[in-house]
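Just below is one structure, and these are the notes that go with it.
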There are 2 protein chains.
Amino acid sequence: MAVTAIIEDLKSLDTSTLVDKVESNLVQLLMDRKLKVGDAIPKEVELAESLGVSRTVIREALLRMRMMGLIESKKKKGAVITSPDLFGIMSKSMNPHILDQETLKDIFELRLVLEIGMADLLFHRITAKDIKELKVIVSNEPPMAKNYLFNIEHEIAFHGKLYEITGNDALKKFQRLLLPVFDYVHNSGLLKKQTGTQTFVSHKALVKILENGTPDEFRTGMRNHLQNHFARIFAK
Amino acid sequence: MAVTAIIEDLKSLDTSTLVDKVESNLVQLLMDRKLKVGDAIPKEVELAESLGVSRTVIREALLRMRMMGLIESKKKKGAVITSPDLFGIMSKSMNPHILDQETLKDIFELRLVLEIGMADLLFHRITAKDIKELKVIVSNEPPMAKNYLFNIEHEIAFHGKLYEITGNDALKKFQRLLLPVFDYVHNSGLLKKQTGTQTFVSHKALVKILENGTPDEFRTGMRNHLQNHFARIFAK
DNA sequence: AATTTTATTAAGTCATACATAATACAAATT
DNA sequence: AATTTGTATTATGTATGACTTAATAAAATT
């Protein structure tokens with residue numbers, strides 16, 4: 001056996017810490033037992049005994065699971081299974097000041113991708129009431145809304161409403177997460193400054209498409225509406 | 001003051017635990033000091049002393065930060081700042097067997113949104129080499145690939161390559177996360193069964209669009225390609 | 001100079017004790 | 001009898017000190 005191979009073997013042996021093992025054991029256990037939301041899990045001391053480790057380790061493993069949203073622990077009551085909130089977890093580290101530039105740019109792009117791609121969901125789920133609300137939103141916008149910076153509130157109101165219409169909760173939460181990062185990137189020096197400030201397809205036009213148009217038209221319209229952002233992304 | 005108001009006031013007092021405070025203190029500290037990736041943070045005992053809490057609390061706070069990907073701790077060296085991997089965190093709880101049905105469906109939809117919305121990124125970043133690779137991938141596909149189930153590998157190869165072409169790392173990671181869930185939902189009873197198995201726009205056609213077409217054409221094509229999935233979503 | 005051994009350091013693990021908060025149940029008040 | 005109040009219990013939260021382990025640095029050996 002070659003030396004490198006031996007080294008590889010050793011490396012793959014077990015680099016994981018005790019807590020790692022306990023954690024995956026516990027997760028596995030919950031899944032095996034098909035525990036449902038609300039079900040209680042054994043107490044810390046019981047787990048410590050049955051797994052033969054200290055309560056410290058158990059607590060650390062449980063803490064991780066708590067962070068992942070798998071469990072929720074209350075004094076006296078112990079811990080109960082919960083349904084993890086995927087994006088709630090993410091929100092903890094979704095901090096523009098902490099993320100690196102590449103990720104920040106990626107997230108900027110991600111928003112554009114989502115808003116163009118959500119067309120079909122919008123058309124399938126939009127109601128007359130939604131359209132009415134959208135019209136109210138755009139009617140409150142100042143005319144000639146050329147400068148993004150001065151209209152953040154309107155941007156948020158309009159685009160946020162779109163996410164709401166999709167009826168996709170994960171998407172909504174994702175947006176709320178991405179929003180601050182998007183704004184941060186927009187206002188930071190990470191992207192080239194906008195050259196022109198022409199407006200393209202307006203919010204009003206998008207509403208019109210939603211009312212009378214097709215998903216394809218909406219995608220094209222939204223792509224156009226976001227042109228300034230795309231220009232900044234693709235500027236070299 | 002009404003009784004209910006008093007109660008509300010009391011509730012908002014401070015339900016956060018000691019670890020919560022220490023955690024936010026630490027995160028704030030890192031941001032204030034503008035620490036960069038690779039910089040070391042004080043040792044556990046030092047932190048415990050300077051904040052006037054036990055090492056237990058410090059460890060728990062640090063553990064959380066480690067889970068969020070903010071720091072990485074090594075024996076002897078202490079902990080160093082790292083750039084958080086947004087989706088790495090999520091992956092822990094991205095388990096189809098644990099997530100609730102609504103979230104699962106939402107994620108199913110999310111994939112469709114992404115793949116339609118990513119058109120512009122694709123067109124801007126695709127290279128001749130990429131197109132060549134895509135052609136290889138589709139040439140390996142069996143003709144008349146009508147049944148999704150028998151062609152998962154090809155689906156993954158093709159669509160995975162698309163994500164790669166976007167050059168958006170966050171998007172790529174997100175996809176890798178969503179993929180198992182998507183498959184799970186597809187094969188589960190969560191959605192109505194497909195009625196027809198007609199194929200619409202094929203992989204081959206999509207490649208052609210990527211080579212000679214426009215983003216708009218690609219979006220329309222991809223929407224059509226995913227028609228079977230959409231049909232299942234919208235089936236009542 | 002290069003390698004091996006040793007010492008040191010900081011995180012990982014353990015055990016124990018006490019604090020705190022939520023619950024259940026008994027007791028007291030009306 | 002019904003509701004409130006007090007009390008005991010219980011499980012998590014916090015604190016402390018000791019020990020283990022692994023990575024690094026320093027010293028010793030070749």
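Order of the sequence lines sets the chain letters (A, B, ...), proteins ahead of strands, with each chain counted from 1.
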Seminar exercise, completed: The correct set of residues in residues 39-47 of chain A placing a heavy atom under 4.0 Å from DNA chain D is Lys43(A), Glu44(A)
For this session: Step through it carefully: locate the ring centre of His229(A), locate the ring centre of Phe182(A), and say whether they are under 6.0 Å apart.
Result: yes
Exercise. Below 4.0 angstrom, N of the basic side chain to O of the carboxylate: do Lys43(A) and Glu46(A) qualify?
Worked result: no
Exercise. Which residues pass the salt bridge (Lys or Arg N to Asp or Glu O under 4.0 Å) test with Arg55(A), sequence neighbours left out?
Worked result: Glu44(A)
Exercise. When you list every nucleotide of DNA chain C with an atom under 4.0 Å from a heavy atom of chain B, which one comes first 5' to 3', and which comes last?
Worked result: dT8(C) to dT13(C)
Problem set entry | Pairs where residues 51-95 of chain B contributes a residue and the test ring-ring contact (aromatic ring centres under 6.0 Å, His included) is met, not counting sequence neighbours | Phe87(B)-Phe174(B)
Problem set entry | Electrostatic pair Arg64(B)-Asp20(B), nearest N-O below 4.0 angstrom | yes
Problem set entry | Set of residues satisfying salt bridge (Lys or Arg N to Asp or Glu O under 4.0 Å) with respect to Glu60(B), sequence neighbours excluded | Arg59(A), Arg66(A)
Exercise. For Tyr163(B), which residues count as a ring pair (Phe, Tyr, Trp, His ring centres under 6.0 Å) partner, sequence neighbours excluded?
Worked result: none
Between N or O atoms, less than 3.5 Å apart, protein on one side and nucleotides 19-24 of chain D on the other: list the pairs.
none

For this session: Residues of residues 58-68 of chain B with any non-hydrogen atom less than 4.0 angstrom from an atom of DNA chain D: list those, numerically ordered, please.
Result: none
Exercise. Sequence neighbours excluded, which residues qualify as ring pair (Phe, Tyr, Trp, His ring centres under 6.0 Å) partners of Phe123(A)?
Worked result: none
Exercise. How far does the helix from dA1(C)-dT30(D) to dT30(C)-dA1(D) bend, going by the axes of its first and last five pairs, to the nearest 10°?
Worked result: 10°
Exercise. Once you round to the nearest 0.5 Å, how far does CZ of Arg232(B) lie from CG of Leu191(B)?
Worked result: 5.0 Å
For this session: Please confirm whether Tyr184(B) and His97(B) have ring centers closer than 6.0 angstrom.
Result: yes
For this session: Flag the pair His203(B) / His154(B) as yes when their ring centroid distance falls below 6.0 Å, and as no otherwise.
Result: no
Exercise. In chain order, what residues pass the salt bridge (Lys or Arg N to Asp or Glu O under 4.0 Å) check against Glu109(B), with sequence neighbours excluded?
Worked result: Arg125(A)
Exercise. Among side-chain atoms of Thr103(B) and Asp106(B), is any donor-acceptor pair under 3.5 angstrom?
Worked result: no
Problem set entry | salt bridge (Lys or Arg N to Asp or Glu O under 4.0 Å) partners of Asp169(B), counting only residues at least two apart | Lys172(B), Lys173(B)
For this session: Flag the pair Ile107(B) / Val185(B) as yes when at least one side-chain heavy-atom distance between them is below 4.5 Å, and no otherwise.
Result: no
